[in-house]
Structures are given as structure tokens and as C-alpha cells.
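In each ligand, atom 1 is the first atom listed, and ligand 1 is the first ligand listed.
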Amino acid sequence: MCQLPKNIPNPNLLVGIETSDDAGVYRLNDKQAIVQTVDFFTPVVDDPFSFGQIAAANALSDIYAMGARPITGLNLVSFPIGKLDSQILLEILKGGQTKIEEAGALIVGGHSIDDPEPKYGLAITGIVHPEKILSNSGARAKDYLVLTKPLGIGIITTGIKRGIVAQEDELEAVRIMSKLNKEASEIAQEIGVNACTDVTGFGLLGHLHEMMKASGCHAEIFCDNVPVISSAWSCLASGSVPGGTLANLEYLKEYLDGNYDSDWKTILGDAQTSGGLLFSVPESKIELLVNELKGAVVEAAIIGRVYLGQEGKISITKGKMI
Ligand code: CO
Ligand code: CO
């Protein structure tokens, strides 16, 4: 990433742009901090209502990744006004609204511009106790890594654009992308985790790398423990790989080692839209956490371990964790 201009230091800025965390956090008083994030993108599926739901679930995800509760959202809209049926825009916004309602938040405004390519997303504000922030920097040696949604979304949405995905598989992908990370975040807050981030554009490997770098640790991932949406394998076999996934793997290559094959590497580095949460969890809490997550998230999988070692490095191991 390029060097961003820096803020004047301020004691109330609890999480800023320097740490590559999921959202910014500003302390209002001893009991409350606001958490802010923004995210928008071009359609990942054809159905406008589903696109709205996915975009909103994705925008809310960074709030949940900080352990916060979303309270308000602002719509961000780019739309070819007068060229595309305005009903389509209405459907996108309705989809977003349903997810904001499910989150217990409110849409309080927004902004739209005329743009040949439609885009939608939201700026979200959440609230959290300043001492209850979940960050990506607290992972400790011997922790277990837990993921709450299966991988393969980027590969499948690329397949959808190429018309090679069966309708039932597309619906399954939409269901997974639209699922809020709300329960996952609430359960992590209740039980306690050492670190948390959401898995989005940088893929599992990219977000795990950032967590390990911020925490000064090294991770090991066991391929057979990692949940993958089954249709991702056939899309991958047809060569459906998003550009973002390839860029992730190129960026990460010096941090990866192990006995993995190239298909697994592509799955693990796949750019996700509205992916799950990734937790680093102490051994004393792992069983309770996974039991609570079961049934509340798409899939709760223990996918690896954390070690002391070269910070930011990830070892990928074939087979199952012992
Ligand atoms: Co994030
Ligand atoms: Co984001």
C-alpha cells in the first residue's frame, strides 16, 4: 500500500490507519468509542436485491470484526441515472436496508452520483466499549485459529460472471455472502478471543498475514481443516480465478512456506466478498467458542495454530491438524 498522510497524534484515536485494522476507532468517553468504516464495490451477482444485501453485509463486517455494534449507515451509490431502470437501484437499496435492519442499525442518509458502472456500499458507524475492542494484533503463541465461513467466494463470483455456475450453487454463494458476522462477533465478545479480523479482499492468507504481522507471530494452516464451498473447486478447475486473488498470492509469496499444492494456495489466497471472521483463540477457550459458534455461523472450523517465529509468516500444511 502507498504511504498515507498521517494524523496529528490524538489520545482519543484508539485505532487509526497505521495498523491495517478493519475500522477506525475514536474514544468519546470512558465507556464509549465510535467505530467507522466504509466499503463499496461493483455488482458481484446479477440479482440487484441480493447485491444490496451482500454489499451491506460486507460493509457491516468491519464493524463486527472490531467487536462493535453497528448503529447507523449511509448509502453510497453510483448508478447510470436515466440509462438503467431506476427499479434496479430501488432493489439494491432494499437489499441493503434489510441487512441494516437485521443488524439492528438505521440508514440515516447517503449520497449518489451518475456513473456508467453501478456501485453500492455503505459507510457504517458502530459503537464499542473502549476496553472491549477486538483488534488484529493480539494473537499469541499456542492460540488456535478459527474461521466462520467457508472459502471460495471470489472464485465462484468470477465463475458466475462467466456463466459457468449452476443456479443452486449461485444461491448458496449468495446465502453465504449475505450472512451477517453479527453472531460470530457477539459470541467472540462474550467468550473472549485474543485477535479478530474479517476475511475479505486480501483472502484468508492476506488477512491472516496482517494479523500475524501485527501480533509478531507465525501461523500454520492445515488444508484439510479449512472449509471450502464445494462449487469453488469446479470453478477453479475451469480456470476461474479473480485478478485480486492472483495479486494477493504475488504479494504474499515471500511469507508462505509448506508442502501445499497450487490449487490449495489459490483457495487460501482467494479474495472474498463478505467472508467470515477469523479469530485467534487461547486454548482454554477454544472448545467453548466453537460450541457456541456452531449453528450461529455458516461453519465454525479450527483451521490452524499460532507460534512464535518469523512475524507474518504462514506455513501451509497438507492434511489434517493432529
Ligand atoms: Co476487514
Ligand atoms: Co473493508
Sidechain-backbone polar pair: Ser135 side chain, Ser137 backbone, donor-acceptor under 3.5 Å: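 Confirmed, Ser135 side chain pairs with Ser137 backbone.
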Vertex the Co ion (ligand 1), rays to OD1 in Asp198 and OD1 in Asp22 - rounded to 10°: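 Nearest ten degrees: 80°.
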Linked, directly or transitively: Phe41 and Val45 (ILVMFWY side chains, under 4.5 Å):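 In one cluster: yes.
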Asp62: its N/O/S atom lying closest to the Co ion (ligand 1) (atom name):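 Nearest to the Co ion (ligand 1) within Asp62's N, O and S set: OD1.
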N, O or S from Asp21 under 2.8 Å to the Co ion (ligand 1):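 No, since none of the N, O or S atoms of Asp21 sits under 2.8 Å from the Co ion (ligand 1).
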Exceeds 12 heavy-atom contacts within 6.0 angstrom, atom CZ of Arg27: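 Counting other residues, nucleotides and ligands, CZ of Arg27 exceeds 12 neighbours.
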Between Glu220 and Tyr307: side-chain donor-acceptor atoms closer than 3.5 Å: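 Note: Glu220 and Tyr307 side chains meet the donor-acceptor criterion.
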